[in-house]
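FYI, the numbering just counts along the sequence from 1. Predicted model, so just to flag it, every value in this text is computed and none were measured. The basis for the numbers below is simple: all heavy atoms, side chains too, and nothing from hydrogens, waters or symmetry mates.
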Amino acid sequence: MSRWSRNLSGVTAVVALASTLAVGGPPGASSAETGRLRDYLVFYPGGGHDRAVAAIGAAGGTATATEPRLGYVAARGPGDRFVERLAASGAVAGVSSDRAIGFAASAPALPASAAVSALAATGPHVLRGPGTGGAGHAADTASRAGHAGLVAQPASRTGRAAQPASRTGRAAPAAEPLASRQWDMKMIGATATGSHATAPGSRKVLVGVIDTGIDGKHPDIAPNFDRALSRNFVTDRPKDSAGATLDGPCEFTGCKDPVDWDDDGHGTHVASTIASPVNGLGVAGVAPGVTLVNLRAGQDSGLFFLKPSLDALTYAADAGIDVVNMSYYIDPWLFNCRANPADSKAEQLEQRGVITGMQRALDYARKRGVTLISALGNESTDLGRPRTDTESPDYPADAQRTRRIDNSCLNVPAESKGVISVAALGPSKRKAYYSDYGVEQTDLAAPGGDELDGRGIDETRTILAAAPERALRAQGLISRDGRPTSPSVIRDCHGGTCAYYQYLAGTSMAAPHATGVAAILISRFGKPGKGGVTMPPADVQRLLYATASKRSCPSPRRFVYRTGGAGDAQTCEGTRDRNGFYGRGIVDAARAATVKP
């Protein structure tokens with residue numbers, strides 16, 4: 001059975017809660033016995049709640065809360081021995097220690113040799129590396145289903161404002177000022193004369209962005225942002241468990257950011273691609289008429305803990321959210337293996353917990369009408385034949401090691417059951433060099449950007465979307481007087497209002513294109529329901545596949561990217577109807593706007 005279609009319902013385990021509490025044990029207790037008190041999620045089999053609570057107490061821990069929707073007990077216990085005792089209990093399905101688990105997808109990691117040679121050929125450029133706010137640290141553009149890498153910056157031009165356009169769909173709206181830079185929208189027909197004119201999307205459709213947050217005050221997002229429905233499921237953590245800087249100083253009392261705040265910029269970029277409005281400023285998203293809801297699960301640092309992801313998915317289900325975008329993966333393991341002999345027993349339990357916990361939350365959401373869309377990943381890896389994982393565990397810092405893996409190991413949520421996973425394309429429609437692939441794992445393809453898709457390096461081949469002014473200033477990308485200091489940033493002004501936009505690349509940028517198309521379909525065919533409208537995810541998926549533009553594997557199937565990296569040679573398998581590079585095809589907003597049910 002393939003990793004994509006594997007039945008996970010029988011697998012049980014637990015996953016880590018989002019915070020580690022540095023609390024000592026009772027006087028005289030050994031560190032091996034007590035360690036530091038930590039929070040855990042203890043999953044139990046159906047009907048096993050009371051027995052699980054008893055087992056937690058017998059192991060020396062304390063049950064602190066219960067989540068019946070996903071079948072787990074939150075507990076606090078003293079270290080590894082507590083975990084081992086719980087794991088041995090027949091009353092507990094599984095348990096995993098607290099870890100930070102996730103990075104948003106970010107800029108693709110370009111091998112240094114290729115970057116140097118390309119820059120030498122094309123002239124001086126500014127390079128953006130990890131930590132500069134690109135694509136969200138991980139599932140978007142870089143190697144770890146998202147982590148940031150080297151990207152050359154293009155020349156900057158300030159866009160000229162256009163007249164405000166109609167969002168009703170009854171008259172062809174004018175193109176937005178920066179529309180000429182949106183090659184991605186032209187590729188899928190999400191333009192003023194394409195899907196925007198006939199099916200811009202309904203405000204009743206709620207799109208959840210599970211990410212680092214959304215800058216809800218951004219002028220090119222605010223008209224479509226629902227602050228009342230938005231939630232922040234994370235608390236900023238200035239330091240990690242080893243005392244190193246994680247999120248940095250807290251900006252607000254209690255280290256809890258408002259629901260319209262995004263210090264990273266990744267979530268704002270994703271949200272803009274989905275649904276920036278047609279308002280005569282900057283860019284327009286795929287579905288400029290739908291409503292954006294911030295479901296923040298990512299830290300300021302770009303890390304994604306498991307518990308906030310579970311909370312975001314269950315909230316989406318209960319609040320009537322129609323579709324969610326997940327441009328990240330759950331760490332600390334890039335690949336989660338249930339029984340890898342290279343891992344300790346505790347590590348195996350933790351990875352089982354990631355797989356099981358997310359699957360329960362995804363199932364809960366999908367059964368309640370939430371269509372699930374994810375970035376595929378940015379490791380240039382054939383997910384049907386993974387061999388090594390050099391990225392894990394990636395928390396705390398410098399804990400990574402090289403381990404052998406196989407096809408039983410999963411990237412979560414991209415390879416979780418019921419999730420539509422999206423590969424990234426460059427402007428020529430070739431699969432981006434960094435994008436993961438696999439005939440069983442790739443469901444759809446969409447523009448994600450590829451600065452190498454042509455001669456030299458050119459970041460205008462990546463994706464332009466909204467960026468928070470605050471985050472850009474923190475990164476030194478905007479001067480005191482508001483001018484961009486890097487050609488990766490564009491400023492557009494109209495009627496005394498200025499907004500900022502940034503070029504980013506990755507599968508994190510590809511997924512929101514598919515999410516926007518899903519929102520168009522739900523706008524057209526959804527029925528009245530909780531939150532406004534509802535549409536069975538199976539129907540949304542069917543129409544996404546039916547409207548996608550089929551594309552065959554390249555010829556020859558073994559495609560060589562010539563970046564100078566080890567993953568240059570990538571082989572596409574499958575047929576025109578479904579293959580490892582394009583899945584069922586390239587998402588098509590224009591077809592979605594006109595297709596018959």
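Side-chain contact check for Asn340 versus Arg403: some heavy-atom pair is nearer than 4.5 Å. You'll find the side chain of Gln299 reaches within 4.5 Å of the side chain of Phe305, heavy atoms only. Between Leu310 and Leu70, some side-chain heavy-atom pair lies under the 4.5 Å cut-off. Between Val205 and Thr291, the closest side-chain pair of non-hydrogen atoms is not below 4.5 Å. Side-chain atoms of Val286 and Val517, non-hydrogen and from C-beta on, do get closer than 4.5 Å to each other. Using a 4.5 Å heavy-atom cutoff, the side chains of Leu376 and Thr442 are in contact. Proximity of Ile330 to Gln351: side-chain heavy atoms (C-beta onward) are nowhere separated by under 4.5 Å. Using a 4.5 Å heavy-atom cutoff, the side chains of Tyr328 and Ile210 are in contact.
Annotation: the span from Asn411 atom CG to Trp333 atom CH2 amounts to 14.0 Å, rounded to 0.5 Å. Rounding to the nearest 0.5 Å places CZ of Arg237 at 13.0 Å from OG1 of Thr245. Rounding to the nearest 0.5 Å places CD of Glu415 at 9.5 Å from CD1 of Ile355. Here Leu41 contributes atom CG and Leu306 contributes atom CG; the two are 6.5 Å apart, rounded to the nearest 0.5 Å. Ile522 CD1 to Met535 CE: the interatomic distance, rounded to the nearest 0.5 Å, is 6.5 Å. Annotation: the span from Ile56 atom CD1 to Arg85 atom CZ amounts to 14.0 Å, rounded to 0.5 Å.
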Go through the steps to decide whether Tyr315 and Leu295 satisfy the test side-chain contact (heavy atoms from CB on, under 4.5 Å), and finish with yes or no.
CA-CA 8 Å; Tyr315 174 81; Leu295 305 177; 3.5 Å; yes
For Asn336 and Glu350: C-alpha separation, side-chain torsions, deciding distance, then whether side-chain contact (heavy atoms from CB on, under 4.5 Å) applies.
CA-CA 9 Å; Asn336 293 276; Glu350 179 176 61; over 6 Å; no
For His49 and Thr66, what are the C-alpha separation, side-chain angles and deciding distance, and is it a side-chain hydrogen bond (donor to acceptor under 3.5 Å, both in side chains)?
CA-CA 9 Å; His49 170 268; Thr66 297; 2.9 Å; yes
Please step through side-chain contact (heavy atoms from CB on, under 4.5 Å) for the pair Phe304 and Asp211, ending with a clear verdict.
CA-CA 8 Å; Phe304 284 75; Asp211 216 292; 4.1 Å; yes
Show your working on side-chain contact (heavy atoms from CB on, under 4.5 Å) between Val290 and Asn224 and close with a plain yes or no.
CA-CA 7 Å; Val290 303; Asn224 288 342; 6.0 Å; no
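Taking every heavy atom of both residues into account, Ala365 and Leu372 meet most closely at CB-CD2, 4.2 Å. Closest approach of Ala465 and Thr273 over heavy atoms only: CB-OG1, 3.6 Å. When every heavy atom of Tyr434 is checked against every heavy atom of Ala424, the shortest pair comes out as OH-CB, 3.5 Å. Counting all heavy atoms, side chain and backbone alike, Met509 lies closest to Gly448 at CB-O, 3.7 Å. Gly384 approaches Gln441 most closely through the heavy-atom pair N-OE1, 3.6 Å. Between Ser230 and Asp226, the shortest heavy-atom contact is OG-O, 2.7 Å.
Residues meeting the ring pair (Phe, Tyr, Trp, His ring centres under 6.0 Å) test with Tyr364, sequence neighbours left out: none. Partners of Asn325 according to the side chain to side chain donor-acceptor pair (under 3.5 Å) rule, which considers only residues two or more places apart in sequence or in another chain, are Ser327, Thr515. Listed by chain and residue number, nothing satisfies the ring pair (Phe, Tyr, Trp, His ring centres under 6.0 Å) test with Phe225 (two or more places apart in sequence, or in another chain).
Ion pairing between Asp382 and Arg385 holds under the 4.0 Å rule for side-chain N and carboxylate O. With salt bridges taken as basic N to acidic carboxylate O contacts below 4.0 Å, one links Lys307 and Asp311.
Screening Lys367, Arg366, Gln359 for a side-chain hydrogen bond (donor to acceptor under 3.5 Å, both in side chains) with Asp363, the sole residue that qualifies is Gln359.
Residue pairs satisfying the salt bridge (charged side-chain N to carboxylate O under 4.0 Å, His left out) criterion with at least one member in residues 241-258, sequence neighbours excluded, are listed as follows: Asp257-Arg296. Residue pairs meeting the disulfide bond (SG atoms under 2.5 Å apart) criterion with at least one partner in residues 337-373, sequence neighbours excluded, are Cys337-Cys409. Applying the salt bridge (charged side-chain N to carboxylate O under 4.0 Å, His left out) test to every pair with at least one member in residues 54-68, sequence neighbours left out, gives these pairs: Glu67-Arg69.
For Glu347 (side chain) and Asp343 (main-chain N/O), no donor-acceptor pair under 3.5 Å exists by modelled atom type. No donor-acceptor distance shorter than 3.5 angstrom exists from the side chain of Thr381 to the backbone of Leu383, with no hydrogens or angles considered. Remark: the backbone N or O of Leu334 is paired with a side-chain donor or acceptor of Ser392 at under 3.5 angstrom. Between the side chain of Ser272 and the backbone N or O of Thr268 there is no donor-acceptor pair closer than 3.5 Å. In this structure a side-chain-to-backbone donor-acceptor pair under 3.5 Å is missing from Asn294 to Asp260. Panel note: side chain Arg360, backbone Gly71; a donor-acceptor pair is recorded below 3.5 Å. With Thr212 contributing its side chain and Gly298 its backbone, the two residues share no donor-acceptor pair below 3.5 Å. The closest donor-acceptor contact from the side chain of Asp436 to the backbone of Ser380 lies under 3.5 Å. No donor-acceptor distance shorter than 3.5 angstrom exists from the side chain of Ser421 to the backbone of Ala375, with no hydrogens or angles considered. Looking only at distances, a side-chain donor or acceptor of Arg352 sits under 3.5 Å from a matching main-chain atom of Arg338.
Aromatic ring centres of Tyr40 and Phe82 lie closer together than 6.0 Å.
Between the side chains of Tyr329 and Ser374, no donor-acceptor pair of N or O atoms lies under 3.5 Å.
In this structure, Arg470 places its CZ atom where more than 12 heavy-atom neighbours from other residues, nucleotides or ligands lie under 6.0 Å away.
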